[in-house]
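Reminder, nothing fancy here: chain letters follow the sequence lines and each chain counts from 1.
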Amino acid sequence: MTAEARENRDFVREMVARDVVSGKFGRPVMTRFPPEPNGFLHIGHAKSICLNFGVAREFGGVCNLRFDDTNPFTEDIKYVESIKEDVRWLGFDWGDREYYASDYFERLYEFAELLVKKGKAYVDSQSEEEIRIGRGTVTQPGAAGPWRDRSVDDNLDLLRRMRAGEFPDGAHVLRAKIDLAHPNMIMRDPLLIRIRKAPHYRRGDAWCIYPLYDYAHGLSDAIEGVTHSLCTLEFKDNRDIYDWLVREVGFERPPEQTEFARLQLDYTVLSKRKLLRLVNEGLVSGWDDPRMPTIAGIRRRGVTPEAIRAFAETIGVARKDARAELASFEFAVRNDLNMRVPRVLCVARPLKVVLTNYPEGQVEQLHAPSYPHDVPRTGSRLVPFSRELWIDRDDFMEDPPRKYYRLSPGREVRLRYGYLITCTDVVKDSSGSVVELHCTYDPVTRGGNAPDGRRVQGTIHWVSVAHALPCELRLYGRLFSVPDPDDVPEGEDFTSLLDPESLAVLRDAWIEPSVADDPPGSRYQFERTGYFVSDLVDSRPGALVFNRTVTLRDSWEKEKARA
RNA sequence: UGCCCCUUGGUGUAACUGGCAACACGCCUGACUCUGGAUCAGGAGAGUCCUGGUUCGAUCCCAGGAGGGGCAACCA
């Protein structure tokens with residue numbers, strides 16, 4: 001057991017630690033991450049991945065990646081590829097333990113015959129509707145159907161013919177014979193195997209009967225030798241059938257299922273069904289839309305795997321339904337990016353500044369460190385400076401409020417890594433909007449400090465008009481306008497809660513030329529504005545596109561809000 | 001009118017398994033600063049859902065209640 005496993009324990013790790021000490025399973029810790037390949041992984045899965053792989057590593061065990069591919073209607077190879085890519089990207093390694101429930105179909109079928117022979121399962125020939133009615137309701141017990149007491153021989157015969165493909169979909173189904181009046185609905189003779197004459201993405205036409213989740217899941221765990229089967233809260237009731245099956249089939253020291261609360265995050269949805277709708281209805285650009293909470297989306301947004309892991313650690317693991325604030329996720333992102341990405345100057349909404357006393361045609365190369373003094377990294381670049389500059393419109397106000405210490409008429413500010421400048425004139429167009437500023441620069445302040453010691457409060461970013469590179473900025477915000485989009489007003493659809501301003505595209509931004517040759521996917525901090533990443537899909541030399549990962553904390557924004 | 005789970009500051013988790021509640025995020029002050037970033041110093045904020053009980057003593061145990069969530073898919 002590593003030191004890491006000893007402290008900061010959540011209830012899961014505490015339990016695993018106990019089991020390791022007591023030697024309960026008589027084998028090393030084995031966990032598993034069991035996605036169904038019918039959608040993309042999201043931040044909620046990341047929590048589970050961190051837990052399962054984390055527990056395995058901390059206790060000297062292993063974690064399997066097992067695809068729970070039991071439904072040929074919805075699953076696809078493209079999803080297994082993306083899932084593998086995402087798990088790998090998150091920083092976890094399943095070695096050669098890449099498993100598929102579909103590889104266990106034969107084994108599962110044998111178990112089915114075993115159960116039938118033991119009188120613990122039967123073939124039911126009722127319709128789906130009849131089965132549902134026969135199950136009773138949440139407040140009323142169900143009743144046995146007409147086929148419940150079929151002989152073992154009849155059951156075996158029917159089961160074999162189901163496998164042989166003699167019956168159409170829905171004609172028969174294999175059910176566990178437990179108790180139709182069981183207080184736990186799940187235990188009212190749960191369905192184990194159904195007929196589905198559909199090709200399986202991995203097994204082709206090898207099978208026309210497929211196991212259901214309850215049947216496949218626990219037994220797959222047992223087949224692999226999993227010790228701790230960690231899943232989310234909604235499977236709590238399923239634990240009864242899980243235990244029943246591994247016991248009936250005869251596994252010694254079978255795996256044990258433990259449930260923990262799934263992650264919920266403010267301002268987004270984390271259900272595959274809803275995410276799929278967003279994609280299918282074109283409400284986002286795809287699974288990897290940077291606004292999506294999918295791993296693919298988050299990655300394209302510029303978040304690092306380290307940040308996701310750190311976030312997973314801070315939210316912890318518990319048994320209570322909980323919802324994390326976006327702020328805690330953003331903290332993890334900034335905290336990581338702050339220490340690792342270079343700073344760069346980029347003007348989002350350009351406003352031209354002409355330095356009237358700066359020599360025409362002159363260009364200076366100013367030295368600019370890529371990291372601030374408190375980040376232990378080295379690196380710097382030269383940024384060209386000239387008579388005409390772009391600054392951000394937000395950094396100028398003709399009639400500034402109290403405590404605004406950026407540029408305004410008559411005021412002096414520092415150009416980051418550059419000179420102190422003073423605004424002398426405001427040029428407006430016929431409609432009265434500001435189109436250009438005339439400023440003077442103080443030649444003795446190169447580098448940003450005045451020899452006379454005068455203090456300048458404000459520092460703003462800038463780029464040289466003649467040298468800057470045009471670029472597109474995609475400013476992403478929260479996908480939904482309310483913290484809990486799962487809480488939909490009566491009669492409305494969750495899509496009506498989407499935030500129409502979740503994406504703002506700025507096409508006339510300008511960035512310093514030093515980034516010209518950086519590879520796509522490079523991350524930066526655009527000083528004073530936020531963390532950005534060049535878009536892996538759309539950015540190319542000469543047509544740069546940057547995604548905003550997250551804004552910088554902005555205490556001026558708060559100050560303004562107060563007024 | 002069933003069964004199961006949960007309930008600690010705004011949020012997420014802790015509390016050596018009974019000894020008067022800690023950490024992180026967020027929030028507020030201030031310092032520092034060529035990023036209104038980061039950092040540093042400080043602060044406010046819960047008496048642990050309620051009512052009883054056991055106990056010298058309960059967030060931890062017991063009983064009842066309330067609130068929230070899950071379960072009636074040939075989905076997982």
Side-chain angles (χ1 to χ4, degrees), chain A residues 8-10 34-36 38-39 68 70-71 73-74 124 127-128 131-133 135-142 169-170 172-175 181-188 191-196 210 212-214 216-217 231-240 259 261 263 266 272-273 311 313-332 334-335 338-339 343 345 368-369 372-375 403-406 413-418 420 447-449 456-461 483 525-531 551-560:
Chain A
N8 249 336
R9 268 187 201 156
D10 47 67
E36 183 192 13
N38 69 345
D68 237 327
T70 56
N71 186 350
F73 286 176
T74 58
D124 195 343
S127 68
E128 194 171 340
I131 288 174
R132 185 161 45 80
I133 292 168
R135 188 153 31 218
T137 70
V138 105
T139 53
Q140 292 165 310
D169 287 15
H172 306 284
V173 75
L174 185 75
R175 299 180 74 176
H182 197 106
N184 180 356
M185 293 291 299
I186 302 271
M187 295 296 272
R188 321 252 256 225
L191 275 58
L192 269 23
I193 292 177
R194 82 293 217 180
I195 301 170
R196 268 229 213 301
Y210 294 91
L212 278 108
Y213 168 82
D214 280 322
H217 189 79
C231 66
T232 44
L233 249 27
E234 69 271 25
F235 292 103
K236 171 66 180 67
D237 292 340
N238 300 63
R239 192 157 97 203
D240 285 346
E259 309 82 18
L263 169 67
D266 276 357
K272 272 196 208 172
R273 205 197 100 246
F311 172 64
E313 204 164 305
T314 65
I315 56 174
V317 179
R319 230 188 291 247
K320 122 178 106 162
D321 285 303
R323 172 169 286 276
E325 288 183 331
L326 208 51
S328 69
F329 178 66
E330 293 186 340
F331 171 82
R334 293 189 186 106
N335 201 37
N338 175 44
M339 298 304 283
R343 318 291 133 134
L345 300 179
H373 58 91
D374 52 358
V375 170
K403 289 191 175 173
Y404 181 85
Y405 40 86
R406 276 112 102 145
V413 296
R414 173 168 32 241
L415 294 176
R416 177 123 246 229
Y417 310 125
L420 301 183
N449 290 307
V456 175
Q457 177 78 291
T459 299
I460 65 175
H461 56 282
Q525 182 198 98
F526 288 179
E527 294 216 44
R528 306 208 312 128
T529 59
Y531 294 96
T551 62
L552 246 35
R553 281 182 68 209
D554 189 348
S555 52
W556 167 241
E557 209 42 59
K558 275 182 213 160
E559 187 66 40
K560 263 200 312 195

Taking the [atom1] atom in each of [N] and [M], what is the distance between them to the nearest angstrom?
| N | M | atom1 | value |
| --- | --- | --- | --- |
| B/U55 | B/C62 | P | 16 Å |
| B/A22 | B/G43 | P | 13 Å |
| B/C61 | B/C5 | P | 14 Å |
| B/G42 | B/G19 | P | 29 Å |
| B/U8 | B/C60 | P | 13 Å |
| B/C20 | B/C25 | C1' | 27 Å |
| B/G26 | B/G64 | P | 43 Å |
| B/A21 | B/U48 | C1' | 8 Å |

Classify the nucleic acid contact of [X] as base, sugar-phosphate or nothing, counting any heavy atom under 4.0 Å across all strands shown.
| X | value |
| --- | --- |
| A/Glu330 | nothing |
| A/Asn238 | base |
| A/Glu36 | sugar-phosphate |
| A/Lys272 | nothing |
| A/Leu191 | base |
| A/Arg416 | base |
| A/Arg406 | base |
| A/Phe235 | base |
| A/Asn449 | base |
| A/Leu552 | base |
| A/His373 | base |
| A/Glu527 | base |
| A/Tyr531 | nothing |
| A/Phe73 | nothing |

Handout entry: Pi stacking test for A/Tyr213 and B/A76: under 5.5 Å apart, planes under 30°
Key =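 It does not: the two rings, one from A/Tyr213 and one from B/A76, miss the stacking criterion.
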Are OP1 or OP2 of [N] and a side-chain N or O of [X] less than 4.0 angstrom apart?
| X | N | value |
| --- | --- | --- |
| A/Thr70 | B/A76 | yes |
| A/Arg188 | B/C71 | no |
| A/Lys320 | B/U8 | yes |
| A/Ser555 | B/G37 | yes |

Of the listed nucleotides ([options]), which one gets closest to any side-chain atom of [X]?
| X | options | answer |
| --- | --- | --- |
| A/Arg135 | B/G37, B/C74, B/G26 | B/C74 |
| A/Ala322 | B/U13, B/G36, B/G37 | B/U13 |
| A/Arg528 | B/C74, B/G36, B/A76 | B/G36 |
| A/Glu325 | B/G10, B/U39, B/C75 | B/G10 |
| A/Lys558 | B/U11, B/U13, B/C27 | B/C27 |
| A/Arg132 | B/G36, B/A73, B/C25 | B/A73 |

Problem - Base B/G36 paired with A/Arg553 side chain (donor-acceptor, <3.5 Å) - result: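 It does not, because no donor-acceptor pair links the side chain of A/Arg553 to the base of B/G36 below 3.5 Å.
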Exercise for the section: Measure distances between side-chain N and O atoms of A/Asp374 and base N and O atoms of B/G37, and say whether any donor-acceptor pair falls under 3.5 Å. Expected result: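 Answer is yes: a donor-acceptor pair is held.
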How far apart are the closest heavy atoms of [X] and [Y], and which atoms are they?
| X | Y | result |
| --- | --- | --- |
| A/Gln525 | A/Tyr531 | NE2-OH, 3.2 Å |
| A/Val413 | A/Val456 | CA-CG1, 3.6 Å |
| A/Asn71 | A/Glu36 | CB-OE2, 3.9 Å |
| A/Gly448 | A/Leu420 | O-CD2, 3.8 Å |

What are the atom names and distances for every N/O pair under 3.5 Å that joins the protein to nucleotides 1-4 of chain B?
{"from": "B/G2", "atom 1": "N9", "to": "A/Val138", "atom 2": "O", "distance (Å)": "3.2"}
{"from": "B/G2", "atom 1": "N3", "to": "A/Val138", "atom 2": "O", "distance (Å)": "2.9"}
{"from": "B/C4", "atom 1": "O2'", "to": "A/Lys236", "atom 2": "NZ", "distance (Å)": "3.4"}

Practice task
Check for a donor-acceptor pair, side chain of A/Arg416 on one end and backbone N or O of A/Glu527 on the other, with a separation under 3.5 Å.
Solution key: no
Practice task
Examine distances only and state if a side-chain atom of A/Arg343 and a backbone atom of A/Arg528 form a donor-acceptor pair shorter than 3.5 Å.
Solution key: no
Problem - B/U11, syn or anti by chi within 90 degrees of zero - result: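 With its glycosidic angle more than 90° from zero, B/U11 counts as anti.
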Handout entry: Syn or anti for B/G47 (syn when the glycosidic angle lies within 90° of 0)
Key = syn
Exercise for the section: Specify the residue among A/Thr314 and A/Arg414 whose closest nucleotide of RNA chain B lies further upstream toward the 5′ end. Expected result: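 Closer to the 5' end of RNA chain B: A/Thr314.
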Fill in the blank from the handout: The residue, A/Phe329 or A/Gly316, whose nearest nucleotide of RNA chain B is more 5′ is A/Gly316
Problem - Under 3.5 Å side-chain donor-acceptor pair for A/Asp214 and A/Asn238 - result: yes
Handout entry: Gap between atom CD of A/Glu559 and atom CG of A/Asp554 - 0.5 Å precision
Key =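 Answer for the CG-CD pair, A/Asp554 versus A/Glu559, is 11.0 Å.
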Problem - Set of ring pair (Phe, Tyr, Trp, His ring centres under 6.0 Å) partners for A/Tyr417, sequence neighbours left out - result: none
Handout entry: Verdict with supporting geometry, A/Gln457 and A/Lys403, side-chain contact (heavy atoms from CB on, under 4.5 Å)
Key = CA-CA 10 Å; A/Gln457 177 78 291; A/Lys403 289 191 175 173; over 6 Å; no
